[in-house]
Each structure stands twice: as C-alpha cells, then as structure tokens.
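Input: a single structure, listed below in structure tokens.
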Amino acid sequence: MPRRLRIALVSLYALENNGVRHVAASLRRAGFQVTEIYFKDWVNNNFPWPTEQEVQALIRLLRERRVEWVGFSVRASAFHRMARYLTDRVRHALRVPILWGGMHPTFVPDKAIEIADAIAVGEVDDAVCDFFAALDEGRDHRRVPGFWVREGDVVHRNDVAPLVDLDAIPFRDFHTRDDKFHIEGGRVTVGDPFITNPEYTLLASRGCPYWTCTFCSNTLTRPLYDGKGKQFRIRSVESIVSEMEYARELCRNIRIVRFDDEVFPIRSGWIDEFAEKWPARVGLPFEILVDPRMVSYDPLKKLKDAGMRALCMGIQANDRVNQQFYNRQTTNQQIIEAQKVFRRVGVTSNLQIIWDDPVSTEQDKDELFRMLMELERPFELYLFGLTIYPNTHLARTLLREGRITEADIEGINTHAFEQFRVDLSYPRSKEDQRWLALIVLLNKNFLPRSLIWKLYESERFKRDPRPLVAFAQAANLVKMAGVAGEMTLRGEMTPLLIKRWVNPRSLVTM
Ligand code: B12
C-alpha cells in the first residue's frame with residue numbers, strides 16, 4: 001500500500017551500516033518513501049567532528065527531499081555527542097521530529113529519549129513499519145512495541161518488539177539508486193556508497209550462543225529479550241545464498257565476503273548444506289569469526305573446501321583475565337589447540353587481543369605473551385583497546401567496584417575513536433609499551449622466535465622500551481606493506497580502504 005510519509009534514515013560515519021539498510025528495506029517494502037543518507041565515513045582511530053559545510057549539506061538535502069521524520073542510526077555510544085549535535089541542528093532548521101535507533105539507544109534508552117522525540121529499542125525490522133504506519137494513518141503511534149515516544153516531559157515506554165524471523169525480513173536494499181546519498185566534506189554524492197566495495201559484509205545469524213562476555217552488547221540484549229523466544233537465530237543457507245545471488249547482480253566488484261556474525265553458526269547439518277550450496281551458487285572466498293570453544297577440524301575443513309579464506313578468533317587475554325574478568329570460559333590450552341587446527345586446515349587465522357584492561361597484572365601479561373609464543377606460526381594478530389560500553393556487565397561491575405567513573409564509559413568517553421585498534425605511539429606505561437612491542441614482533445614470520453626471546457629477556461628494554469617500540473613500528477610497516485601488496489594483487493585494495501586504515505597519526509598494528 002503506498003504511504004504518504006517521507007522518512008530519512010541517517011547513518012553516522014559508517015558506509016556499511018546494516019541497521020540503516022535493513023530498516024530502509026523494510027520501510028520501502030511497506031510502501032514508504034525513504035531517503036538513506038550516509039553521513040561521513042570512519043577512519044581508523046580518527047572521527048573528526050562534522051564541519052559546518054557538512055551539516056549544511058545534510059540540512060539542505062533533508063529540506064530538498066521534504067522529509068517529515070528523520071531517523072538517526074546511533075550504532076556506537078561514542079557517536080552520542082555527534083548525534084545529539086546533529087539532532088539539535090536538524091530540529092532547529094527543519095522543525096521535524098527526530099527518531100534514534102541502533103545499539104546506543106538500546107544500551108541507554110533513558111538517556112537517548114531525553115534527546116530524541118522517539119527511539120527504537122532493540123530489533124525493529126518489522127516494528128518500524130508499524131510505527132510509521134500508525135503515524136501515516138493518524139493512529140496512536142505512542143503504543144507501538146519497540147518504541148519509546150516523548151511528549152514534553154512525558155515518556156511512553158513500550159516493551160521491545162518480538163525478535164524477527166531472519167528469513168522473512170527483506171535483504172538490505174542495494175537496488176535503490178536515487179534515494180541514497182553520501183555526504184563527505186560538504187559534497188553530496190547520489191547512489192549507494194558501498195555498492196562498489198570489493199568486500200561484501202553480511203550476517204548469517206543474530207545474537208550469540210555464548211553471550212556471557214562482560215564487555216559485549218549481548219550481556220545487555222539478552223535480559224532485554226528474556227522469555228521472549230530464542231535469541232541466537234541462524235538464517236537458512238538458502239536465504240544467505242539467495243542474498244548473495246541478489247547482491248552479485250548489483251555490487252559488481254565483490255571479491256571477498258566477510259561474515260560479521262558474533263560467531264559463525266557452526267552446526268553440523270547447516271554446515272553441510274552451506275558447504276554444498278556456497279561454492280555451487282556463490283563461489284566467492286569468505287571470512288568468518290569463531291570462538292575457541294567451537295573450533296574443530298571437520299567443520300572448518302568443510303568450510304575451507306567451500307572457499308573460506310580466513311577466520312578471526314578472539315583470544316582477548318590470558319586464562320585468568322578471560323575467566324575472572326571477561327567471564328569467557330576459555331583456556332590458554334584451547335587457544336593453542338585451536339591455532340593447531342587452523343594450521344592443519346590451512347586457513348589464515350586473524351587472532352584478536354584486547355589490551356588496556358584495568359585488571360591484567362604483569363604476570364597476566366607475561367602469561368599471555370608466553371601463550372602467544374607457543375602458537376604455531378603463521379598467524380595474524382589484531383590488537384584492540386578495551387572500550388567500556390554503557391550498561392554492559394563490565395561497566396556495571398567496574399563502577400560498583402569503584403575502578404572507573406561514569407566519565408570512563410563510552411558516550412562521555414570516546415575510546416572507540418582513539419584506540420579502537422592499538423597504536424604503538426599512543427601514550428602508555430613503559431611496561432605496556434614493552435609488552436605491546438614484543439607482541440607486535442612475535443608473529444612476524446621474518447623474525448626468528450629466538451630473536452623475540454632475546455628481546456624479551458633484555459634488561460635494557462625493560463628500563464627503556466623506546467628502541468624496541470621503534471623496531472616494532474618498523475617491522476609493522478614491513479608487514480603492512482606486504483599485506484597491502486597481497487591485497488592489491490587480489491584486487492581488494494581501494495582508495496576507500498587506504499583512507500580508512502592509513503592514518504599516519506595512528507598506525508594500525510598487525
Ligand atoms: C558488524 C558490526 C560492525 C561492522 C558493521 C558492518 C555493517 N555492514 O554494518 C563494522 C566492523 C563496520 C562495525 C564498526 C563499528 N562498531 Co560495530 N558491531 C557490529 C555488530 C557485531 C553487528 C551489527 C549489525 O550489523 N547488526 C545487525 C543490524 C541489523 O542490527 P542493528 O545495527 O542493531 O540495527 C537494528 C536496530 O538497532 C535498529 N536500528 C538501527 N539503526 C536504526 C535507525 C533507526 C532510525 C531506527 C528506527 C532503527 C534502527 O533496527 C535495526 C534492525 O533491527 C555489533 C554487535 C551487535 N550484536 O549489534 C557491533 C557493535 C554495534 N559495534 C560496536 C562498535 C563500538 C563499533 C565501532 C565504534 C568500532 C570502531 N571504533 O571502529 C564502529 C562504529 C562504526 C560506526 N560508524 O557506526 C559496538 C557498539 C557498542 C556501543 N554501545 O558503543 C557493538 C554493539 C559491539 C559490542 N562491542 O558490543 N561494527
């Protein structure tokens with residue numbers, strides 16, 4: 001049924017934004033006129049404040065499109081202040097109501113509703129159509145599940161909407177052209193800014209089978225949906241393969257597919273079907289994310305034969321910190337064994353570590369280093385800085401124990417903008433500089449392990465780690481050049497990728 005209401009959805013600093021594309025696709029299917037706006041993109045560890053030119057471009061575009069409701073997708077809490085600023089500017093210029101959706105309003109609905117006129121809490125692929133249909137038909141929109149609505153000082157708080165059936169919602173829209181815009185540096189470009197990207201990202205599931213990791217959003221969404229059905233939902237293989245057939249028609253440059261699931265759904269029947277249909281009907285290399293607890297040879301070998309090129313696995317920290325602080329019941333031994341499996345399967349493994357936590361002792365760091373030294377080479381290492389998201393189990397515990405204040409929590413803090421990926425030149429204690437330099441060096445295949453042990457034992461670098469850090473920076477650059485070369489040969493290197501990752505003020509470690 002055709003609808004009159006004109007809606008804009010704005011993605012903040014993310015050209016990918018699954019959330020915006022899903023909501024846009026659902027609304028378009030329900031007959032609404034939707035304008036998708038991709039407002040700026042991210043650069044590793046650098047999220048500059050919007051310029052006046054960019055704000056004006058946004059306002060002009062919304063005015064030209066005669067938009068009646070503006071929805072901001074506030075995925076990460078660090079964007080809270082930018083979202084607030086843009087909300088104020090758009091509201092002042094156009095006098096239209098503003099809706100916020102995404103993980104941030106889901107994390108802190110009480111704070112978000114003080115700023116926006118309405119917020120979406122949790123998944124709303126279906127509910128968003130109910131919300132706007134009520135408005136379109138002049139019915140009461142204040143009682144729609146999944147939404148909170150503010151009228152002056154009164155807030156109407158509704159329960160979350162039912163979790164969606166992943167096979168029933170539409171694919172993210174890549175076919176609409178004229179309704180999509182990208183704003184960057186005051187320039188407005190028409191069309192989907194991600195359609196030419198060589199990497200296509202998608203989710204095979206929503207939710208997480210483990211959900212206990214204290215730093216993660218799942219410790220928060222799980223209680224939100226308690227008693228409301230199964231939260232970890234896996235798409236059918238048919239739905240995934242059909243999406244890829246649809247996407248390949250439109251995104252002509254796809255070279256690699258990345259599954260962004262919390263963990264890839266490794267279930268025996270499902271993997272068999274995937275391993276059969278993916279190579280036959282998609283045939284593109286792909287990457288997945290796994291947890292040490294689910295690693296075994298057979299399913300990974302099937303995935304490798306189906307085209308899996310690489311996988312990511314979170315190590316995070318050593319046994320003690322993982323178990324006591326992050327509530328991840330994994331062991332060092334499991335991680336060592338998992339890496340052996342990856343080597344047997346012959347798949348590239350990207351192992352991830354979280355640094356900058358407030359509890360790891362020198363002994364924990366030493367144990368982590370020794371465990372990493374035991375891992376069978378080759379492997380890639382991605383170092384992340386711990387970010388404390390509001391309302392997570394981690395934030396609540398650290399606040400209760402008096403180890404942090406509200407100012408350390410993302411939203412007021414913007415850690416994700418500064419040290420999302422660890423940069424060796426960021427100011428840290430001399431001990432941490434030494435550990436990080438050693439960790440950066442230990443997976444470089446061109447450096448023998450015996451050399452790393454010598455560097456580790458050196459008393460000189462314990463006193464002054466600066467030469468070691470400089471050496472690690474140089475080794476890191478050599479590694480980066482190698483990776484860039486390989487990607488160029490595979491046709492995966494693009495100006496967008498260079499812009500995002502080559503931030504000379506904050507070199508990413510790899
Ligand atoms: C995949 C992913 C990414 C991918 C995104 C790929 C893509 N194609 O979109 C990449 C790697 C790019 C990414 C980047 C970042 N991410 Co991320 N990401 C995720 C992950 C694992 C899934 C997100 C997803 O796609 N979900 C599926 C979609 C459909 O759900 P959704 O986005 O929540 O959208 C639904 C609703 O929220 C709502 N909705 C969303 N927007 C809107 C807007 C309106 C108007 C309405 C009405 C509704 C609505 O409707 C949607 C459909 O139901 C989540 C964890 C999680 N489980 O959510 C973390 C997560 C969202 N990311 C997080 C963070 C911190 C980041 C980064 C800041 C990291 C960084 N420094 O680079 C950036 C931010 C980029 C940005 N500018 O937003 C945190 C945010 C926590 C917080 N409170 O701050 C999360 C929650 C992970 C965590 N640690 O717990 N991320």
Side-chain angles (χ1 to χ4, degrees), residues 7-27 34 36 38-47 69-80 82-83 98-108 116 118-129 131-132 146-147 160-161 163-164 166 169 172 194 197 199-203 205-208 211 213-222 231-232 258-263 289 312 314 354 384-392 394-395 409-411 413-421 500:
I7 305 157
L9 298 172
V10 185
S11 165
L12 299 177
Y13 295 73
L15 300 187
E16 295 93 338
N17 210 328
N18 290 335
V20 160
R21 285 194 178 80
H22 269 298
V23 170
S26 292
L27 285 172
V34 183
E36 274 169 72
Y38 294 87
F39 185 80
K40 296 177 70 67
D41 193 25
W42 57 268
V43 172
N44 178 49
N45 292 340
N46 180 22
F47 288 78
W69 268 82
V70 179
F72 283 99
S73 177
V74 196
R75 170 185 274 157
S77 300
F79 294 103
H80 156 91
M82 288 159 178
I98 310 284
L99 168 66
W100 280 17
M103 283 313 273
H104 176 68
T106 302
F107 273 69
V108 281
I119 59 167
V121 179
E123 263 180 44
V124 293
D125 306 65
D126 296 329
V128 72
C129 302
F131 180 78
F132 283 115
F147 290 83
V160 285
L163 288 163
V164 299
L166 298 184
I169 55 173
R172 289 160 303 163
F194 218 55
N197 205 48
E199 184 182 62
Y200 183 83
T201 66
L202 83 165
L203 295 171
S205 63
R206 282 193 196 172
C208 176
W211 74 269
C213 307
T214 53
F215 49 77
C216 173
S217 57
N218 284 290
T219 60
L220 192 131
T221 43
R222 181 156 170 124
Q231 287 193 41
F232 180 56
R258 193 184 74 212
F259 285 93
D260 269 335
D261 305 79
E262 307 279 7
V263 292
L289 204 141
C312 285
I354 304 181
F384 295 88
L386 177 67
T387 307
I388 305 164
Y389 301 119
N391 258 346
T392 49
L394 181 73
I409 297 178
E410 214 59 356
N413 198 352
T414 51
H415 184 270
F417 290 176
E418 286 129 36
Q419 277 303 279
F420 183 68
R421 286 283 289 272
R500 280 177 165 190

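Source: prediction; values computed, not measured. Remember, it's 1-based here, ligands and their atoms both numbered in the order they're listed. In this chain, numbering begins with 1 at the start of the sequence shown.
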Below 4.0 Å from ligand 1: does a non-hydrogen atom of Gly207 turn up there or not?
no
Checking contacts now, so for atom 47 (C) of ligand 1, which I'm interested in, is there any protein heavy atom under 4.0 Å?
yes
State whether any protein heavy atom lies less than 4.0 Å from atom 1 (C) of ligand 1.
yes
Residue and atom name of the nearest protein heavy atom (relative to atom 54 (C) of ligand 1), distance in Å to one decimal
Glu262 OE2, 4.7 Å
Is there a donor-acceptor contact under 3.5 Å from the side chain of Asp261 to the main chain of Ser205?
yes
For atom 30 (O) of ligand 1, is the nearest protein heavy atom closer than 4.0 Å?
no
Among protein heavy atoms, which lies nearest atom 37 (O) of ligand 1, and at what distance?
Gly102 CA, 3.2 Å
Note the single closest protein heavy atom to atom 87 (C) of ligand 1, along with its residue, its atom name and the distance in Å.
Ser217 OG, 4.4 Å
Ionic contact status for Asp125 with Arg206, cut-off 4.0 Å
yes
Can you find a protein heavy atom closer to atom 40 (C) of ligand 1 than 4.0 Å?
yes
Starting at CD1 of Ile119, measure out to OG1 of Thr106 and round the result to the nearest 0.5 Å.
7.5 Å
Hey, is atom 63 (C) of ligand 1 under 4.0 Å from any protein heavy atom?
no
Tyr13/Phe79 under ring pair (Phe, Tyr, Trp, His ring centres under 6.0 Å): CA gap, chis, key distance, verdict:
CA-CA 9 Å; Tyr13 295 73; Phe79 294 103; 5.5 Å; yes
Nearest 0.5 Å please: distance from the SG atom of Cys208 over to the CZ atom of Phe232.
7.0 Å
Any side-chain donor-acceptor pair under 3.5 Å between Arg172 and Asn18?
yes
Yes or no, since that's all I need: does a protein heavy atom fall within a distance strictly under 4.0 Å of atom 84 (O) of ligand 1?
yes
For Asp125, is at least one N or O under 3.5 Å away from an N or O on ligand 1?
yes
For the 3.5 Å polar cut-off, considering only N or O atoms, please tell me whether Ala416 and ligand 1 meet it.
yes
Looking only at protein heavy atoms, what sits closest to atom 68 (C) of ligand 1 is Ala76 CB, 3.6 Å
Are a donor atom and an acceptor atom from the side chains of Glu418 and Thr414 found within less than 3.5 Å of each other?
yes
Could you tell me if the ring centre of Trp69 sits under 6.0 Å from that of Phe131?
yes
Do any non-hydrogen protein atoms sit less than 4.0 Å from atom 52 (C) of ligand 1?
yes
Ligand 1 atoms nearer than 4.0 angstrom to some heavy atom of Val23 are 48 (C), 49 (C), 50 (O), 51 (C)
Nearest non-hydrogen protein atom, atom 9 (O) of ligand 1
Arg75 NH2, 2.6 Å
Heavy-atom protein contact below 4.0 Å for atom 12 (C) of ligand 1
yes
Just need the protein heavy atom nearest to atom 81 (C) of ligand 1, so name the residue and atom and give the distance.
Tyr389 CD2, 3.3 Å
Using heavy-atom distances, let me know which of Leu15, Asp41, Val128, Asp260 sits nearest atom 4 (C) of ligand 1.
Asp260
Atom 35 (C) of ligand 1: nearest protein contact (heavy atom, Å)
Gly19 CA, 4.4 Å
Considering non-hydrogen atoms of the protein only, which is the closest contact for atom 25 (O) of ligand 1, and what is the distance?
Asn18 ND2, 2.7 Å
Check step by step if ring pair (Phe, Tyr, Trp, His ring centres under 6.0 Å) holds for Phe147 and Trp100.
CA-CA 10 Å; Phe147 290 83; Trp100 280 17; over 10 Å; no
